Amino acid sequence: MLAQLGRDAMLCNNPSYAVEVLERVDPERGWMPSWTQYWQRMTEAYHMVGDHGRELEAGRRGRRQHPEAMGPLLYEARAHAALGDADAVSRIADEAVALASDRFMSAGEVLFTAARELKAHGQLAAGIDMRARAIDWQRDLSAVGSLTVPDRLALARMHYEADQWPQAAEL
């Protein structure tokens, strides 16, 4: 119930209340250890209130609890970007590429979101480089097989944000 209340608080643009509520949840009890979304909600709430230190701690806890999942890699990368640590974001990107994908998220999405966060937090050059890595990773999927519609849309969105209009339009 608290997890749902925290989600609703975020949807109502009240991340402070989401933090208050989600901190009352024990992510290691009951069914919670199998639910990676808790860490998404918790880290997003911390990010929205600007508490990037606690966001990083929560992202790390999520990674320890779910070493097989891509989401916690993204949550930790987002915190590092907000804290100005582009090198840590790059290391996490390497880990995401090594994992490739899970059923919820691809390495391309981790790289692309990390690029946006780097840019949003004033690290323009690192963000542009990370976006190029995301595009390369997503494009390399087509070498393995044909791109699915979601993969094509993701690549088109990446090209669009890179101001690569012809490539985006083609996709």
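If you're wondering where the values come from, they're calculated on a predicted model, not measured in any experiment. Only heavy atoms go into these numbers, but all of them, side chains included; no hydrogens, no water, no symmetry mates.
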Residues which pass side chain to side chain contact (heavy atoms under 4.5 Å, CB included) with D151, listed by chain and number, not counting sequence neighbours: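 Counting only residues at least two positions away or on another chain, D151 forms a side chain to side chain contact (heavy atoms under 4.5 Å, CB included) with Q138, L141, L147, T148.
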So how far is it from [X] [atom1] to [Y] [atom2], rounded to the nearest 0.5 Å?
{"X": "M130", "Y": "R116", "atom1": "CE", "atom2": "CZ", "value": "14.5 Å"}
{"X": "Y38", "Y": "E28", "atom1": "OH", "atom2": "CD", "value": "10.0 Å"}
{"X": "L171", "Y": "M158", "atom1": "CG", "atom2": "CE", "value": "11.0 Å"}
{"X": "M10", "Y": "L5", "atom1": "CE", "atom2": "CG", "value": "12.5 Å"}
{"X": "H80", "Y": "D87", "atom1": "NE2", "atom2": "CG", "value": "10.5 Å"}
{"X": "D129", "Y": "L124", "atom1": "CG", "atom2": "CG", "value": "9.5 Å"}

Do [Y] and [X] meet the salt-bridge criterion of a basic N to acidic O distance under 4.0 Å?
{"X": "R133", "Y": "D94", "value": "yes"}
{"X": "R131", "Y": "E161", "value": "no"}
{"X": "R63", "Y": "E76", "value": "yes"}

Can you give me the closest heavy-atom contact between [X] and [Y], atom names plus distance?
{"X": "A107", "Y": "S101", "result": "N-OG, 3.9 Å"}
{"X": "Y75", "Y": "E55", "result": "O-OE2, 4.1 Å"}
{"X": "E20", "Y": "R24", "result": "O-CG, 3.5 Å"}
{"X": "A134", "Y": "G108", "result": "CB-O, 3.9 Å"}
{"X": "A114", "Y": "A77", "result": "CB-CB, 4.4 Å"}
{"X": "A168", "Y": "A156", "result": "CB-O, 3.6 Å"}

Is there a path of hydrophobic side-chain contacts, each under 4.5 Å between heavy atoms of I/L/V/M/F/W/Y residues, joining [Y] to [X]?
{"X": "L2", "Y": "Y17", "answer": "yes"}
{"X": "L56", "Y": "M70", "answer": "no"}
{"X": "L83", "Y": "Y46", "answer": "no"}
{"X": "M48", "Y": "V19", "answer": "no"}

In this structure, are over 12 heavy atoms from other groups packed under 6.0 Å from E170 atom CD?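 Atom CD in E170 is not crowded, with 12 or fewer foreign heavy atoms closer than 6.0 Å.
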Would you say [X] and [Y] make side-chain contact, with heavy atoms under 4.5 Å?
{"X": "L155", "Y": "Q167", "result": "no"}
{"X": "L73", "Y": "L99", "result": "yes"}
{"X": "W137", "Y": "S106", "result": "yes"}

Chi angles and distances behind the side chain to side chain contact (heavy atoms under 4.5 Å, CB included) call for Q4, M1: CA-CA 5 Å; Q4 183 63 39; M1 190 165 177; 5.8 Å; no
Kindly say whether [Y] contributes a backbone atom to a donor-acceptor pair with the side chain of [X] at under 3.5 angstrom?
{"X": "R7", "Y": "R41", "result": "no"}
{"X": "Q123", "Y": "A81", "result": "yes"}
{"X": "S90", "Y": "A86", "result": "no"}

Is it the case that the ring center of H47 lies less than 6.0 angstrom away from the ring center of H121?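 Yes, close enough.
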Residue among H52, R78, R61 satisfying side chain to side chain donor-acceptor pair (under 3.5 Å) with T43: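 For T43, the side chain to side chain donor-acceptor pair (under 3.5 Å) test succeeds with only one of H52, R78, R61, which is R78.
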